[in-house]
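These notes are about the structure you will find just below.
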Amino acid sequence: MPELPEVETVRRGLIPPLEGHVLTHVEARRDTLRFPIPKDFGKRLTGRKVLAVRRRAKYLLVDFDDGQVMILHLGMSGRVTMSYGRPNAYEKHDHLIFESASGWVLRFNDARRFGLVDLTTIADWPNHPLIKDIGPEPLTDAFDGAVLAVAIKGRRSPIKIVILDQTVVAGIGNIYASEALHKAKIAPERPAADLSRADCDRLAVAIKQVLERAIEVGGSTLRDHVQPNGELGYFQHEWSVYGRTGEPCRICTAAIEQIVQTGRTTFFCRTCQPA
DNA sequence: CGGCGGTCCTGTCAGC
DNA sequence: TGCTGACAGGACCGCC
């Protein structure tokens, strides 16, 4: 579920209950997610005040008043749920609990446990092994067609696979890779290095537009919870190709097709995205 | 270095 | 209804 827009939506939802508030109780209910949860996780964060909730690629970063930074990745199935006051009961797969002096209780729930949490510091987080090699943030001026052209130089893999590479551009996942390529009218199988400079410009713009629109729609669903049930918000109703095999392209009415690339499904319109 | 396949884990859904 | 297998929004790791 969580690609950049979903993580950004969660980030925005976490600001009111967390920023400027002390965590009165923090608890890890198991030892391991994708990696071991840091020792004394709860003890190290209980009593700390949250200074900011930030995002880098698909990672959430929570800054604390003692210089600690919590890194949280939602993996495939991770979600954050909020309740005002303690819930009657924890749900299955509620792994991390954060009680805030604001009155809100946050729970990180992740059935598949591909998510991860780690603790680092304000000085060290950019060099964290999971973060240091990540490419430019797509919604900033650090990313454009020129930057993309350099990043994909010499890459013979299909462009769909290459934009999923987090060192090329941060935050693209399987849904938005297909969506951006359709918007840019580029076939997913084309070797990345064969893209023209004009292709790169169109693709960079399409990536920005698709992600921005998804954030806009996802963000509008927030109120007293962070994405109910971890659902995608309303952007799924606007998907152009993802999950629409056999349905008519919204641009040309041709049937949407699907292929498998490196084990993952890709959706496209052969008319709009000629090989 | 680039590219590919295997792998972590559980839930859901289609098909029999 | 119950079982089985395929598949799912991520990304690291080892191997070629």
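Throughout, a chain's letter reflects where its sequence line sits, starting with A, and its residues are numbered from 1.
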Measure the distance from [atom1] on [X] to [atom2] on [N] and round it to the nearest whole Å.
| X | N | atom1 | atom2 | answer |
| --- | --- | --- | --- | --- |
| A/I159 | B/dG2 | CD1 | P | 14 Å |
| A/R30 | B/dC8 | CZ | P | 15 Å |
| A/L164 | B/dG2 | CG | C1' | 16 Å |
| A/I172 | C/dG10 | CD1 | P | 10 Å |
| A/R56 | C/dA11 | CZ | P | 12 Å |
| A/E91 | B/dG11 | CD | C1' | 14 Å |
| A/D165 | B/dG5 | CG | C1' | 16 Å |
| A/M76 | B/dG11 | CE | C1' | 12 Å |

Counting distance alone, no hydrogens or angles: does the base of C/dA8 have a donor or acceptor under 3.5 Å from a partner atom on the side chain of A/R112? yes
Just to confirm, is there a sub-4.0 Å distance from OP1 or OP2 of [N] to any side-chain nitrogen or oxygen of [X]?
| X | N | answer |
| --- | --- | --- |
| A/T265 | C/dA8 | yes |
| A/R264 | C/dG10 | yes |
| A/R155 | B/dG3 | yes |
| A/S157 | B/dC4 | yes |
| A/H93 | B/dC9 | no |

Nucleotide of [options] approaching [X] most closely (side-chain heavy atoms):
| X | options | result |
| --- | --- | --- |
| A/L130 | C/dG10, C/dC12, B/dT10 | C/dC12 |
| A/H73 | B/dG2, B/dT10, C/dA11 | C/dA11 |
| A/A111 | C/dC12, C/dA8, B/dT10 | B/dT10 |
| A/K92 | B/dG3, B/dG11, C/dA11 | B/dG11 |
| A/N174 | C/dA8, C/dG10, B/dC4 | C/dG10 |
| A/E3 | C/dC12, C/dG10, B/dC4 | C/dG10 |
| A/R113 | B/dT10, B/dG3, C/dG10 | B/dT10 |

Answer yes or no: is there a side-chain heavy-atom contact under 4.5 Å between A/R190 and A/P158? no
Would A/D199 and A/K185 pass as an ion pair if we require N to O under 4.0 Å?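 The answer is no: the pair does not qualify as a salt bridge.
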Could you tell me whether the side-chain ring of A/F114 sits stacked on the base of C/dG10, using a centroid cut-off under 5.5 Å and a plane angle under 30°?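 Yes.
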A/A214 and A/Y176: which non-hydrogen atoms are nearest, and at how many Å? CB-OH, 3.5 Å
Would a distance-only check, ignoring hydrogens and angles, find a side-chain to backbone donor-acceptor pair under 3.5 Å from [X] to [Y]?
| X | Y | value |
| --- | --- | --- |
| A/R113 | A/H95 | no |
| A/E19 | A/V50 | no |
| A/S100 | A/L18 | no |
| A/Q68 | A/R44 | yes |

Taking atom types as modelled, find out whether A/T167 and A/D133 have a side-chain donor-acceptor pair closer than 3.5 angstrom. no
How would DNA chain C look in dot-bracket form, 5' to 3', counting Watson-Crick and G-U wobble pairs with both distances under 3.5 Å and writing | for bases paired to another strand? .|||||||.|||||||
Touch class at under 4.0 angstrom, heavy-atom based, for A/K153 against every strand present: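 Since no nucleic acid heavy atom lies under 4.0 Å of A/K153, the category is nothing.
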